[in-house]
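In what follows, a single structure is set out as structure tokens and then discussed.
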Amino acid sequence: MAYNFKQIEKKWQKKWEETKIFEVSEKSKKKKFYVLEMYPYPSGSGLHIGHGLNYTLGDIYARFKRMNGLNVLHPMGFDSFGLPAENAAIKVGVHPKKYTQKSIAAFINQQKSLGWSYDWKRIVSSCEAEYYKWNQLFFLKFLEKGLAYRKKAPVNWCPKCKTVLANEQVHNGVCEYHKNTEVGIKHLEQWFIKTTEYADELLNCTDSLNWPKRIKVMQKNWIGKSFGTEINFEINKEEWPVFTTRPDTIYGVTFMVISAQHSRLMDIVTADYEDEVKKFLKKIKSVSEKDVEELEKEGVFTGSYAINPLTNEKIPVYAGNFVIADYGSGMVMAVPAHDQRDLEFAKKYKIKIKQVIEGNFTRDRAYTGEGKLINSEEFNGVKSKEAINKITELLQKKKLGKKTVQYKLRDWLISRQRYWGTPIPIVYCNKCGIVPIPEKDLPVLLPEKVKFGKGNPLKTNSSFVNIKCPKCKGQAKRETDTMDTFFDSSWYYMRYCDSKNFKKPFDKKKIDYWMPVDQYIGGAEHACLHLLYSRFFTKALRDLGFVKFDEPFAKLFNQGMLHASDGRKMSKSLGNVINPIEVVKNYGADSLRLALMSFASLDSDTHWDEKVLVGNFKFVNKVVEYYTNVKIEKSNVKIESRLNKMIRDVSEYLENFKYNLAIIKIRELFNYFPQENSKDVLEKFLKILHPFCPHITEELWEKIGNENFISLEKWPEVDEKKIDENLEKQEEAVEKLVKDIHHVLSLVNKSSSKVYVYVLPNEKKNYIDNLELIKKRTELDVVIFAVNDKKKYDPENKSKKTKPGKPGIYLE
RNA sequence: GCGGGGAUGCUGGAGCGGUCAAACAGGACAGACUCAAAAUCUGUUGGCUUAGUGCCUACGUAGGUUCGAACCCUACUCUCCGCACCA
């Protein structure tokens, strides 16, 4: 019969809530520890199994740390602005606010049913004015400091989202949220945050972070620092700087390519070639951005020529589809012999190819490696690595170029043409231009009465749009774009430290006490989004005097993805979705928690397995049953030895997120539990199991006579003195005997009911002590003799087979 | 193309120089209990061999280092994941 998990879980969830035992304050004498999982977007469909994994993972860690005597901050909140709510509003006709509030209420209910131990009084919801007010404040501070600016730029536009997106939200030319929708380019005036200001610091600090290697690598690549040389090429008497990492190949430059998207492209195009260039631009616009690798390198001659600063050669300038407009200067010097792209282009347009580095160059394959320079006048014979410096020096001396650094990282575009987000606190005045809303007038409230479905609801709301200019009091219009929701999530973890502060985003003392987050937990998909923005935000706020630390998340753990049992991604259309709440209904939260943690190592991708769930459910049932029937007696040294060893192992496993192995150790020990056990052992076992199964452990803790919460108990310490390897060797010897008896039994192939065991006199005690166990395991009548026992029954003289640790056996 | 991770028995998945035919779980099989089943309990689960032994073949493929390799090195194959025309 299954135990009554429904009743038990409800009971303890209610008690935890009523007694507020997970609420913490910075006044504690204990050392602080901040455990955080990435806050969820409260979707209307409720918790999914990925949430189950992520938050259980964090909860176990929080409970573990709490029991280890730390003052653990473990908060929860909601990333509650964002498109889905707004789209639902358009579709179903519910206001996003109502929709979101309802979703959050449902979320909280479900979260509580999984037994997650949060300090609920610190709850944060980013769509509330009391939160987004501070977004607006930070924006104004950024603006003051030059970290926020407005500029007209080619930006990514998703026709499904009906808004622009940041670089980080576009992959392979498609929208992060609509994988079938191609992102187009629009030229718009938008608000940017100057993340590039911190590119170098972000890059340099990466190494020191205690984060998974791959996340660090991804961020490094995203920031993409490269060292090179800026070389000035003269085109139509004007200097055009061009970035290159290979100035050593400058004598091999045979043409130039300017990006087709370059804002000044038309300045170069001569009258004769205007038509052709325009035709080309039209053509590449219609080409899909998606299949970049298959895209052929194409271009068109602009009619202009550039002068190679070292050779004074006249070389043609092309407009090309493979040059990125906003990396470097949007123009490249092309060296077809030593760059594959340039080679393909040169072959297509029959441009001269000139080899300048010794190496394995063919007409199909550019040589991109190192080597001695050739055809390079005074630099002939110089090794390419050396030549990079020498040529740069020469250019610098002649004022034709300089050493520089380039980053791939672009500034963060935060404007969104959508309603459900933080209003950007800006006014446009015909007289005064861009005017920030004064701090004292914050928050700029998001108007609630708006019309959905006809473009940006803020734009059509005249009472919102029309405002008097804060400076000249003349007629002005508000900014109607809202902020990217990643702006919200860039500092929510700081707000938790002081979430009820209505005067400031947070109190300095409190933030100094709690921050940085000691252990952050979340998916790897945020490597170059949330995690990078948050790092930027921290550094920017530090320089604005808000905080003192440099990095927000000291340690990071990335859990793997949990796929469906068929190995595919869980999705409604495939019908393979596991709903955690259903599982809780049928098996209870404790079993679900245990199952989620035991599929595989937590940092690797794995898949759902019903059998694992059932197996864990059975285990939980056995534990409950054991504690209901166990006789509380004196403990025995063997159990204590194993217990202490288990405590040692599990503590280490928990610390390192090897929960799957921790569970195995716990189960192993439980399998050794005899009919009777000491209270001490029973209590310690519950404590170790508690982070995984908080409900039944509270219940059983109470059942064996405790009145306080096991949640607040101290983690058992390892008593090394009690760990006795000899005891285990003895147990193993008994195990071995049982196995041997079974073995012989299977060989003799006849039914036996009695077994005579002949042991060395000094080993006899060990076997006598375990006589009951041997009987039970062999299901035979067992008689143990010492080999020197004169009266022993030994018809086949099997006692002569006895060796140390290996008794003789006779079956009858 | 660049970068990162994997490949273990019927399955999931530990192990990361000896104590490994390989934890733990599941499945399958056998036995006990039962009128029977479920649940529970006790075993077996690479091959051959033996009253508890010994041997052989095994940890993607091929080599190498070592007294000794699933574990280290090299190459290859396959696979998953990030980034991707960044000059």
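Treat the numbers as computed from the prediction; the structure is a model and nothing was measured.
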For the residue pair A/F657 and A/Y659, does the interplanar ring angle fall in the parallel (under 30°), tilted (30 to 60°) or perpendicular (over 60°) class? tilted
Using a 4.0 Å heavy-atom cut-off across all strands, classify A/P247 as base, sugar-phosphate, or nothing. nothing
Check whether any side-chain nitrogen or oxygen of A/Y327 sits under 4.0 Å from OP1 or OP2 of B/rA87, and answer yes or no. yes
Once you round it to whole Å, what is the distance between P of B/rC83 and CG of A/L529? 9 Å
Distance col, row A/S651:OG vs A/K665:NZ, nearest 0.5 angstrom, shows 13.0 Å
Would you mind reading off the distance between A/Q219 atom CD and B/rC83 atom P, rounded to a whole angstrom? 13 Å
Sugar-phosphate only, base, or nothing, as touched by A/K665 at under 4.0 Å among non-hydrogen atoms: nothing
Heavy-atom contacts, protein to nucleotides 5-10 of chain B, under 4.0 Å, summarised as B (base), S (sugar-phosphate only) or - (none) per nt, yield ------
Over 12 non-hydrogen atoms of neighbours within 6.0 angstrom of CD in A/E652: no
Indicate, with yes or no, if the rings of A/Y349 and A/F255 have centres closer together than 6.0 Å. no
Is it true that a side-chain atom of A/D603 and a backbone atom of A/F557 form a donor plus acceptor pair closer than 3.5 Å? no
Would you mind classifying the nucleic acid contact of A/R667 as base, sugar-phosphate or nothing, using non-hydrogen atoms under 4.0 angstrom? sugar-phosphate
Are there more than 12 heavy atoms of other residues, nucleotides or ligands under 6.0 Å from atom NZ of A/K347? yes
Quick check: does any side chain N or O of A/D411 sit under 3.5 Å from a backbone N or O of A/T196, one acting as donor and the other as acceptor? yes
Can you classify the ring geometry of A/F345 versus A/Y318 as parallel (below 30°), tilted (30 to 60°) or perpendicular (above 60°)? perpendicular
Identify the two heavy atoms, one from A/C693 and one from A/L594, that lie closest to each other, and give their separation to 0.1 Å. SG-CD2, 3.7 Å
Quick one: list whatever passes side-chain contact (heavy atoms from CB on, under 4.5 Å) with A/S263, sequence neighbours left out. none
Report which part of the nucleic acid A/Q406 touches: base, sugar-phosphate, or nothing (heavy-atom distance under 4.0 Å, all strands). nothing
If one requires at least 3 consecutive Watson-Crick or G-U pairs with distances under 3.5 Å, the stems of RNA chain B turn out to be B:1-7 with B:77-83, B:10-12 with B:24-26, B:27-32 with B:40-45, B:46-48 with B:54-56, B:60-64 with B:72-76
Where do A/N677 and A/K631 land on the side-chain contact (heavy atoms from CB on, under 4.5 Å) test, with the steps shown first? CA-CA 6 Å; A/N677 218 332; A/K631 279 190 217 139; over 6 Å; no
In whole Å, measure the gap between the C1' atoms of B/rG1 and B/rU8 for me. 32 Å
B/rU65 versus B/rU19 - spacing of their C1' atoms, nearest Å: 23 Å
P gap between B/rG17 and B/rC85, integer Å: 41 Å
Can you name the atoms? Protein N/O to nucleotides 31-33 of chain B N/O, anything below 3.5 Å, with the distance.
none

Is it true that a side-chain atom of A/K225 and a backbone atom of A/D200 form a donor plus acceptor pair closer than 3.5 Å? no
What is the distance from CD1 of A/I741 to P of B/rU50, rounded to the nearest Å? 22 Å
Could you check which of B/rG4, B/rA87, B/rC41 has an atom nearest any side-chain atom of A/K622? B/rC41
With rounding to the closest Å, how many angstrom separate the C1' atoms on B/rA37 and B/rA32? 15 Å
Which part of the nucleic acid does A/K736 contact within heavy-atom distance under 4.0 Å: base, sugar-phosphate only, or nothing? nothing
Value in whole Å for how far the P atom of B/rC86 lies from CG of A/L409: 17 Å
Residue A/K739 excluded, over 12 heavy atoms near NZ under 6.0 Å: no
Name the atoms and distances for all side-chain donor-acceptor pairs under 3.5 Å in residues 333-340 of chain A, with sequence neighbours left out.
unit_1: A/H338; atom_1: ND1; unit_2: A/Y367; atom_2: O; d: 2.8
unit_1: A/H338; atom_1: NE2; unit_2: A/V356; atom_2: N; d: 3.0
unit_1: A/H338; atom_1: NE2; unit_2: A/I357; atom_2: N; d: 3.1
unit_1: A/D339; atom_1: OD1; unit_2: A/R341; atom_2: N; d: 2.9
unit_1: A/D339; atom_1: OD1; unit_2: A/R341; atom_2: NE; d: 3.1
unit_1: A/D339; atom_1: OD1; unit_2: A/D342; atom_2: N; d: 3.2
unit_1: A/D339; atom_1: OD2; unit_2: A/R341; atom_2: NH2; d: 2.7
unit_1: A/Q340; atom_1: OE1; unit_2: A/A366; atom_2: N; d: 2.9
unit_1: A/Q340; atom_1: NE2; unit_2: A/D364; atom_2: O; d: 3.1

Whole angstroms only, please: what is the CD-C1' distance between A/E525 and B/rG4? 17 Å
Please figure out whether A/V323 or A/V738 has its closest RNA chain B nucleotide nearer the 5' end. A/V738
Separation of atom NZ in A/K348 from atom P in B/rC85, rounded to whole Å: 18 Å
Pairwise C1' distance, B/rA39 and B/rU49 [rounded to whole Å]: 39 Å
Atom C1', compared across B/rA70 and B/rG60: separation rounded to whole Å: 12 Å
Report which part of the nucleic acid A/K408 touches: base, sugar-phosphate, or nothing (heavy-atom distance under 4.0 Å, all strands). base
Take the protein atom CD of A/Q169 and the nucleotide atom P of B/rG82, then report the distance between them rounded to whole Å. 17 Å
B/rG52 phosphate, OP1 or OP2: any side-chain N/O from A/K798 under 4.0 angstrom? no
Could you say whether A/G808 or A/N671 is positioned toward the 5' end of RNA chain B, judged by the nucleotide with the nearest heavy atom to each? A/N671
Distance between the C1' atoms of B/rA21 and B/rA14, in whole angstroms? 15 Å
Tell me which nucleotide among B/rG4, B/rU50, B/rG27 gets nearest to the side chain of A/K611. B/rG27
Side-chain contact check for A/K618: nearest option of B/rU40, B/rA23, B/rC86 is B/rU40
What nucleic acid atoms does A/S598 come within less than 4.0 Å of, heavy atoms only: base, sugar-phosphate, or nothing? nothing
Heavy-atom count check: over 12 atoms from other residues, nucleotides or ligands less than 6.0 Å from A/K658 NZ? no
Please report the distance separating the C1' of B/rC71 from the corresponding atom of B/rG64, rounded so that it comes out in whole Å. 15 Å
For atom CD of A/E610 and atom C1' of B/rG27, their distance in whole Å: 15 Å
Nearest-neighbour nucleotide for the A/I809 side chain, B/rG52, B/rA87, B/rG4 considered: B/rG52
Atom pairs, N/O to N/O, protein against nucleotides 11-20 of chain B, distance under 3.5 Å?
unit_1: B/rA14; atom_1: OP1; unit_2: A/S601; atom_2: N; d: 3.3

Rounded to the nearest 0.5 Å, what separates atom OG1 in A/T195 from atom CG in A/L409? 4.5 Å
Measure up the A/W412 and A/Y533 rings against each other and bin them: parallel (under 30°), tilted (30 to 60°), perpendicular (over 60°). parallel
Which nucleotide in the list B/rU44, B/rG3, B/rA23 gets nearest to the side chain of A/V217? B/rG3
